[in-house]
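Presented below is the structure to which this report refers.
Note on naming: letters A, B, ... go to the chains in the order of the sequence lines (proteins, then strands), and numbering restarts at 1 for each one. Predicted model, so just to flag it, every value in this text is computed and none were measured. Values reported hereafter were calculated over all heavy atoms of this structure, with side chains retained and with hydrogens, waters and symmetry mates removed.
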Amino acid sequence: MSRYDASTIEPKWQAAWDEAGTFAATRDPAKPKFYVLEMFPYPSGRIHIGHVRNYTMGDVVARYKKSSGFSVLHPMGWDAFGMPAENAAMATGGHPKDWTYNNIAEMKSQMKPMGWSLDWTREFATCDPEYYGQQQALFIDFLEKDLVYRKNAVVNWDPVDMTVLANEQVIDGKGWRSGAEVERRELTQWFFKISDFSEELLEAIDTLKDWPEKVRLMQANWIGKSQGLRFAFERTDGGAPIEVYTTRPDTLMGASFVGISPDHPLAKELEAADPKVAEFCATARKGGTTAEAIETAEKLGYDTGLRVKHPLDPNWELPVWIANFILMDYGTGAIFACPAHDQRDLDFCRKYDLPVIDTFFALNDPKPVEGEAFVPPKSDKVKWVDHFAGLDEATGEEAIAATIDYAEKQGWGKGHTQYRLRDWGLSRQRYWGCPIPVVHCGDCGVVPEKKENLPIELPYDVSFDVPGNPLDRHPTWRDCACPSCGKPAKRETDTMDTFVDSSWYFARFTAPRATTPTVAEDADYWMNVDQYIGGIEHAILHLLYSRFFARAMHICGHLPEKSKEPFNALFTQGMVTHAIYQTRDAEGRAVYHFPEDVEVSESGATLKATGEAVEVIPSAKMSKSKKNVVDPLEIIAQYGADTARWFVMSDSPPERDVEWTASGAEGASKHLARVYRIAAEIAEATGTGEGDEDLLREMHKTIKAVTDGIEGFAFNTSIAKLYGFTNTLSKSKAGAETKKTAMRVMAQLMAPMTPHLAEEVWAMLGGEGLVAEAEWPVADEAMLVEDTVTMPIQVNGKRRDEITVPKDMDKAEVEKLALDTDGVKRALDGNAPKKVIVVPGRIVNVVA
RNA sequence: GCCCGAGUGGCGGAAUGGUAGACGCAGGGGAUUCAAAAUCCCCCGGUAGCAAUAUCGUGUCGGUUCGAGUCCGACCUCGGGCACCA
């Protein structure tokens, strides 16, 4: 008898699928379609175990749906623009394009042996000019529909390298290469008007029924709708009033000062006139642009000396401060502070000795605020000190509504709906991205490129030996003719955020070679993505941007109405985590190392090559920049793709993070060999036996459990059931034909996870055609019903005994039997039960 | 700092509010074998006990319920996101 040998089986069946064109997606009007998509990878050059897990999940769904009669689209491509390619060029002197395409070739050669049912004929990379040219066409359409504009926004500026830094390149407020203190600097940049869609994007979240609740919540919070009051403080010097937005207008009587952002027009005006203000603003602008950096930085303020009048009391004057924690991007860039009911304001007022005025107390505890602000939930009733609108005891919500009403009636303020969501800044001052297809003309201003001139291709002859954007210093690339007047003009040198690339690739897969962004018939047939699978780390930005893009593409006629929400169902798989190994270079900067280069022992970790001690940082998301990635190729080489697939699907629930450990692959491999052995025995078996009915019952239960597991993304429980059925089958004494039937069904049920082995077993047992094309088995409901049931008997919630009774036995009868068990008698110790609860078919609980 | 999750044996994990630990890995014992590999069988949360069994046990503390891993409240720890990592 031959033994299970993945290395001969796997290439054989992959060739068979290729020859039959099994996974090429075709529009078939006779069949329902199913579009399954996993978030496409960044071509780092090596697949890691997270990819294996992610794409195997999608493959299980794709193969299952194909068997269930759907015409399946399951494509693959490359999210190929981005910083790592430029970093590699800087580090090794190569070219981002060569680096990227080499990586793609390398990764593809690693992915092919996995046997994923991908339609490789649709493959593309976002750095292909054929792709980004269409993206440029979309940009021009968006410009025409007024979905894009230019404005100033802050970036991380490295004053030594004279270059813009990504957030990732700012470490503890300093530039990663220069080590210089980073400052926030304004630059004119391109923006998508995603905020115009705030309300629509928020409301439509309710329609995303098959998205995880946590993702919907995160998106709703991100959009951040709030109701508040907009009003202006009059200045005592007669200057332009300061407009503020507040969500707590009810606390206006507790106002302590008016604060403005260092980027507020008034701050800039004062900065120009007063060196002291300029000095403060320069300090306040130190550090990175992230919300985290701004919110955790020390709170700094500067009293401008300006005074404003309190809107409710013309004699009450408030000082105007510039404060580093106020964002110009949110609301009006100006606030009033109420320290008694906001911790940040309180800390600030204590620091600068500003007054703290209580506006309300807890109902039975009129204790003035000291070190901690009093911030009850807005739904709690509180006692008001002196509410101008005449409230005494009322909730925050009631008071806010009353205040807005009062302000509107008096005419000094207006109720306002505010969203936290900001417009999407897409400009990047970098080379390896999609060029923004506009031209700057001395006469015509900013002019979109003509579509017939697309794609605007990146020049190849660039260098990365000095910081900054190589497009800016290219000798000729910028030179062009103005599309409007024809005079000499200059190209835009900013490229697009890579989130743009990934915001419409799912639509492009429906017609990847088209000379327009999409083709109506293909988009109509294949959209939407029926099952999208990806990491939870993309819960907000990528998914929100894609939802915006789908709407914008619909407006421009590139997607049908139904695709405004492009992802019908979303599954967010957990991340594969791993410890990070790092050493430090001469300047004390972190240098990361791959796990396979590190020797880990009880006494610590060292580099295999040099024996240098390695710092071990606890498990974190696997990322190429931290090099804490595990190479699955070894498992594949040693055991085969099916073992790797079986193992990653069996080991943990797919939505949960998993800490990668190598143990277990061996066990998975043994199990597959066992299945092969049992199949080979059964293939040669003849004659009748006993227990055929029992085996068939178990088979139908297995069909149901495995199907439910796949449908519910609980692949690990499907696999547990398949383990159980393997045991049943190996012990069964049933007749040969029944066993063959059971084994063929097992091959079908295993096929989504271990497709090569399944084909082999299927062929061995005389299955017709390819198992990949066989119809999915359906459980016979009649075979699932049991006539007797074993019920646990509890006394006060603790299990004391059990009884096995007919399924439909009368409650009173069950109660009688239960009370008569030894375990119950022992627990009751002669006492009469107070109450007996019988849940038919499930449990009996005796209350003593 | 703000938003969102997760926490169950040595390990990965299972469990419509109804027998906690299915299934697997690791470990222990046995069979087979000249021996080994491979395979097959049995045991496997802690404590006490020869055992039957009792008792404790799902991050911590409290609550709801006949009954809580599951629901509610507070907390602890870990993870993700925070708009230029992808």
Nearest to the side chain of [X] - [options]?
X	options	value
Lys798(A)	C56(B), U19(B), A86(B)	C56(B)
Asn167(A)	A86(B), G81(B), A83(B)	A83(B)
Thr296(A)	A54(B), G1(B), G18(B)	G1(B)

Under 4.0 angstrom between [X] side-chain N/O and [N] OP1 or OP2:
X	N	answer
Asn716(A)	A14(B)	yes
Arg53(A)	G12(B)	no
Asn727(A)	G24(B)	yes
Arg842(A)	G67(B)	no
Arg799(A)	G18(B)	no
Thr498(A)	A86(B)	yes
Arg800(A)	U55(B)	yes

query = Using the P atom in both, what is the distance from C25(B) to G13(B), to the nearest Å?
reply = 16 Å
key: Position toward the 5' end of RNA chain B (nearest nucleotide), Met791(A) or Ser652(A)   =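 On the 5' side of the pair lies Ser652(A).
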ask   = Where each residue is assigned the nucleotide of RNA chain B containing its nearest heavy atom, which of Ala720(A) and Ala166(A) is assigned the position nearer the 5′ end?
value =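 First, find each residue's nearest nucleotide; the 5'-ward one identifies Ala720(A).
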key: side-chain contact (heavy atoms from CB on, under 4.5 Å) against Ser195(A), all qualifying residues, sequence neighbours excluded   = Ser198(A), Asp423(A)
inquiry  = So, using side-chain contact (heavy atoms from CB on, under 4.5 Å) as the criterion, who are the partners of Thr188(A) when residues are at least two apart?
reply    = Arg150(A), Asn152(A)
Sole candidate of Val824(A), Asn845(A), Val795(A), Val844(A) that passes side chain to side chain contact (heavy atoms under 4.5 Å, CB included) when paired with Val836(A) =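 Option passing the side chain to side chain contact (heavy atoms under 4.5 Å, CB included) with Val836(A): Val844(A).
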request  = Take atom CG of Leu327(A) and atom P of C2(B), then tell me their distance rounded to the nearest Å.
outcome  = 15 Å
key: With Tyr131(A), the ring pair (Phe, Tyr, Trp, His ring centres under 6.0 Å) member among Phe81(A), Trp504(A), Phe40(A), Trp78(A)   =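 Exactly one pass, corresponding to Trp504(A).
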query = Checking Arg184(A) against Trp157(A): charged group under 6.0 Å from the ring centre and within 45 degrees of the axis?
reply = no
request  = Using Watson-Crick or G-U wobble pairs with both distances under 3.5 Å, give me RNA chain B in dot-bracket, 5' to 3', with [ ] for crossers and | for pairs to another strand.
outcome  = (((((((..(((.....[....))).(((((.......))))).((((....))))..(((((..]....))))))))))))....
query = At under 4.0 Å between heavy atoms, what does Ile294(A) touch on the DNA or RNA strands: base, sugar-phosphate, or nothing?
reply =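 No contact.
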query = Taking side chain as C-beta onward, heavy atoms only, is Ile536(A) less than 4.5 Å from Lys214(A)?
reply = yes
